Trainee: 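Pasting a structure below so you can have a look.
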Amino acid sequence: MIIPDTTKTQKHILYLLYKFRFLTTHHIQKLLNHKNPKRIQIWMKDLKNKGFINTVETPNSFIDNTKPFIYHLSTKARHVLKNNEDCTLSVLTRIYKEKKRTETFIYHSLALADTYLFFLQQKEENEELHFFTESELVEYDYFPDPLPCAYIAVTTENSTRRYFLELFYDYAPAPAYRSMVIKYLKYANSRKWEAKVAEEPLPSILFICATGRKKKHVTYFAKALFEKAYEEKIALFVTTKEKIIYGNDKNVWENVSITDA
């Protein structure tokens with residue numbers, strides 16, 4: 001098979017779609033820190049014409065022209081990304097399923113990209129942000145199972161802050177929140193992290209809840225478990241999706257602590 005040529009920037013766009021699964025032109029422009037949206041549109045049109053990417057067709061896609069296109073990888077992109085050492089073959093083999101993903105999954109992926117942009121916006125000048133999605137974590141066998149939505153490391157010259165991030169689906173029921181707390185308590189008790197990364201403490205846990213009501217629910221539940229154990233086995237911080245995507249406040253995280261009970 002003859003693979004059409006791609007530029008260095010286009011290869012990076014393909015990797016961003018590998019990382020986040022679904023992105024809009026707005027996301028790509030921000031992720032590339034590019035000021036010219038027309039240039040982005042030219043690159044995306046070229047990638048689509050060459051069969052590397054495709055767009056999501058929604059029931060309203062031909063009615064509402066104000067919404068940006070949502071892109072995902074097509075199977076031909078595997079021939080480019082397999083040469084990228086940051087890509088894993090087992091992830092690349094599932095690209096053919098992207099066109100069948102549910103709307104819930106797609107918008108969850110877009111929200112994760114928004115979350116990454118939030119962290120980029122909030123970081124200080126002397127900090128470096130590392131944001132790894134599930135696609136980039138499949139070979140980390142000592143991480144929680146199922147894998148977190150993202151693993152984050154914020155580094156400075158003298159320190160590193162580490163986090164496991166969980167972004168809950170909009171319609172996730174209350175039991176899903178409770179089971180996620182239990183999952184991380186079990187992971188903390190397993191000491192898998194300490195066995196592999198002995199010199200680093202367990203990463204803090206970040207929950208992005210769909211609503212304020214769900215945030216309140218998981219806060220009460222986690223505090224009850226902490227009180228029962230007489231300690232906070234995990235450092236848990238919670239917020240809402242609205243504060244991450246639409247807010248400008250840096251202090252969006254609430255520490256779940258028995259001292260505040």
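Just so you know, these numbers come straight off a predicted model, no measurement behind them.
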Trainee: Quick check for you: to the nearest 0.5 Å, what is the distance between N54 atom CG and L17 atom CG?
Mentor: 11.0 Å

Trainee: Please assess E232 against S257 for the test side-chain hydrogen bond (donor to acceptor under 3.5 Å, both in side chains), listing each intermediate value before the final yes or no.
Mentor: CA-CA 7 Å; E232 295 144 7; S257 172; 2.9 Å; yes

Trainee: Ring pair (Phe, Tyr, Trp, His ring centres under 6.0 Å): which pairs involve residues 19-53, sequence neighbours left out?
Mentor: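 Residue pairs passing ring pair (Phe, Tyr, Trp, His ring centres under 6.0 Å), neighbours aside: F20-Y116, F22-H72, H34-W43.
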
Trainee: Under the side-chain contact (heavy atoms from CB on, under 4.5 Å) criterion, do E127 and E157 qualify, and how do the steps go?
Mentor: CA-CA 8 Å; E127 294 177 335; E157 186 176 349; over 6 Å; no

Trainee: Decide, yes or no, whether a salt bridge links E98 with K100 under the criterion of side-chain N to carboxylate O below 4.0 Å.
Mentor: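 No.
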
Trainee: For A77 versus L14, what's the shortest heavy-atom pair and its separation?
Mentor: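 A77 and L14 have their closest heavy atoms at CB-CD2, 4.4 Å.
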
Trainee: Using every non-hydrogen atom in the two residues, find where I208 and T240 come nearest and quote the distance to one decimal.
Mentor: CG2-C, 3.9 Å

Trainee: Measure the shortest side-chain to side-chain distance between Y169 and T104 over non-hydrogen atoms and say whether it is less than 4.5 angstrom.
Mentor: yes

Trainee: Any Lys/Arg nitrogen of E254 or K215 sitting under 4.0 Å from an Asp/Glu carboxylate oxygen of the other?
Mentor: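 So E254 pairs with K215 through a salt bridge.
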
Trainee: For the pair K214 (side chain) and A172 (backbone), establish whether a donor and an acceptor sit closer than 3.5 Å, ignoring hydrogens and angles.
Mentor: yes

Trainee: Side chains of F168 and M180, heavy atoms from C-beta outward: is any pair under 4.5 Å?
Mentor: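 Yes, side chains in contact.
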
Trainee: For side-chain contact (heavy atoms from CB on, under 4.5 Å), just list the numbers for S109 and L112, CA-CA rounded to whole Å, side-chain angles, deciding distance to a tenth of an Å, and then say yes or no.
Mentor: CA-CA 5 Å; S109 300; L112 188 61; 5.6 Å; no

Trainee: Please tell me if the side chains of F118 and T239 come closer than 4.5 Å, counting only heavy atoms from C-beta onward.
Mentor: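 No, every pair of side-chain atoms sits at 4.5 Å or beyond.
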
Trainee: Please tell me whether Y151 and Y140 are part of a single hydrophobic cluster in this structure, the criterion being side-chain heavy atoms less than 4.5 Å apart.
Mentor: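 As far as the 4.5 Å side-chain criterion goes, Y140 and Y151 are connected within one cluster.
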
Trainee: Check the pair R21 / E134 against side-chain contact (heavy atoms from CB on, under 4.5 Å), numbers first and verdict last.
Mentor: CA-CA 10 Å; R21 311 290 291 275; E134 183 183 349; 5.6 Å; no

Trainee: Which heavy atom of G51 sits nearest a heavy atom of K76, and at what distance?
Mentor: O-CB, 3.3 Å

Trainee: Under 4.5 Å between side-chain heavy atoms, counting indirect links through other Ile/Leu/Val/Met/Phe/Trp/Tyr residues: same cluster for I258 and Y220 or not?
Mentor: no

Trainee: Minimum heavy-atom separation for C87 and Y18, please, with both atom names.
Mentor: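 Shortest heavy-atom contact: CA-OH, 3.5 Å.
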
Trainee: Salt bridge or not for E128 and K123, using N-O below 4.0 Å?
Mentor: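 Salt bridge flag = no for K123 with E128.
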
Trainee: Say whether Y15 and E136, considering side chains only, have a donor N or O and an acceptor N or O under 3.5 Å apart.
Mentor: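 Y15 vs E136: donor-acceptor pair found between side chains.
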
Trainee: Could you tell me whether the side chain of Y177 reaches within less than 4.5 Å of the side chain of F221, counting heavy atoms only?
Mentor: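 They are not in side-chain contact.
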
Trainee: Mark yes when over 12 heavy atoms from residues, nucleotides or ligands other than E199 sit less than 6.0 Å from its CD; otherwise mark no.
Mentor: yes

Trainee: Any chance you could lay out the ring pair (Phe, Tyr, Trp, His ring centres under 6.0 Å) test for F237 and F207, step after step, and finish with the verdict?
Mentor: CA-CA 6 Å; F237 297 84; F207 280 7; over 10 Å; no

Trainee: Does A176 offer a backbone N or O that forms a donor-acceptor pair with the side chain of S179 under 3.5 Å?
Mentor: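 Yes, S179 side chain to A176 backbone: donor-acceptor pair under 3.5 Å.
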
Trainee: Compare every heavy atom of S90 with every heavy atom of V138, then report the nearest pair and how far apart it is.
Mentor: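 It is CG2-OG, 4.2 Å.
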
Trainee: Do D170 and Y107 have side chains that get closer than 4.5 Å, going by heavy atoms?
Mentor: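 No. Closest side-chain heavy atoms not under 4.5 Å.
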
Trainee: Can you tell me how far apart CG (D141) and CD (E139) are? Round to the nearest 0.5 Å.
Mentor: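 D141 atom CG to E139 atom CD measures 9.5 Å (nearest 0.5 Å).
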
Trainee: Output, in order, the C-alpha distance, side-chain angles, deciding distance and verdict of side-chain hydrogen bond (donor to acceptor under 3.5 Å, both in side chains) for S135 and K19.
Mentor: CA-CA 6 Å; S135 296; K19 181 183 183 79; over 6 Å; no

Trainee: So, taking the atom named CD1 in I28 and the one named OG1 in T9, what distance separates them when rounded to the nearest 0.5 Å?
Mentor: 12.0 Å

Trainee: Considering all heavy atoms of both residues, which atom of F226 and which atom of V256 are nearest to each other, and what is their separation?
Mentor: CE1-O, 3.6 Å

Trainee: Quick check on K50: does its NZ atom have over 12 non-hydrogen neighbours (other residues, nucleotides or ligands) under 6.0 Å away?
Mentor: yes

Trainee: I'd like to know if I182 and V218 are part of one continuous hydrophobic network [Ile/Leu/Val/Met/Phe/Trp/Tyr, side-chain heavy atoms within less than 4.5 Å].
Mentor: yes

Trainee: Does any part of the side chain of Y163, heavy atoms only, come nearer than 4.5 Å to the side chain of I205, both counted from C-beta?
Mentor: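 Heavy-atom side-chain distance check fails, nothing below 4.5 Å.
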
Trainee: For the pair K241 and D114, find out whether any cationic side-chain nitrogen is under 4.0 Å from an anionic carboxylate oxygen.
Mentor: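 So K241 does not pair with D114 through a salt bridge.
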
Trainee: Would the number of heavy atoms belonging to other residues, nucleotides or ligands and lying under 6.0 Å from CG of D5 be above 12?
Mentor: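 No, CG of D5 has 12 or fewer neighbouring heavy atoms, counting only those of other groups under 6.0 Å.
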
Trainee: When you measure from the side chain of E200 to the backbone of V197, do you find a donor-acceptor pair of N or O atoms at a distance under 3.5 Å?
Mentor: no

Trainee: Can you find a heavy atom in the side chain of R178 that is under 4.5 Å from one in the side chain of H217?
Mentor: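 Counting from C-beta outward, R178 and H217 do come under 4.5 Å.
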
Trainee: More than 12 non-hydrogen atoms from neighbouring residues, nucleotides or ligands closer than 6.0 Å to CG on N83, yes or no?
Mentor: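 Yes, CG of N83 has more than 12 neighbouring heavy atoms, counting only those of other groups under 6.0 Å.
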
Trainee: Applying side-chain contact (heavy atoms from CB on, under 4.5 Å), run through I152 and V154 and close with a yes or a no.
Mentor: CA-CA 7 Å; I152 304 165; V154 183; 4.1 Å; yes

Trainee: Let me confirm one number: the OG1-CG distance from T133 to L167, rounded to the nearest 0.5 Å.
Mentor: 12.0 Å

Trainee: Stepwise, does the side-chain hydrogen bond (donor to acceptor under 3.5 Å, both in side chains) test hold for D46 with Q10?
Mentor: CA-CA 9 Å; D46 183 59; Q10 286 179 315; 2.9 Å; yes

Trainee: Is there a continuous path of hydrophobic side-chain contacts, each under 4.5 Å between heavy atoms, that joins I13 to I42?
Mentor: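 I13 does not cluster with I42.
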
Trainee: For K243, give me all partners under side-chain hydrogen bond (donor to acceptor under 3.5 Å, both in side chains), at least two apart in sequence or on another chain.
Mentor: none

Trainee: Drop me the distance from I70's CD1 to L23's CG, to the nearest 0.5 angstrom.
Mentor: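 If I round to the nearest 0.5 Å, the distance is 10.0 Å.
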
Trainee: Do R94 and Y96 have side-chain atoms, one donor and one acceptor, less than 3.5 Å apart?
Mentor: no

Trainee: Quick one: are I234 and F164 in side-chain contact, heavy atoms under 4.5 Å?
Mentor: no

Trainee: Rounded to the nearest 0.5 Å, what's the gap from NZ on K30 to OG1 on T24? Could you check?
Mentor: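 It is 9.5 Å, given to the nearest 0.5 Å.
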
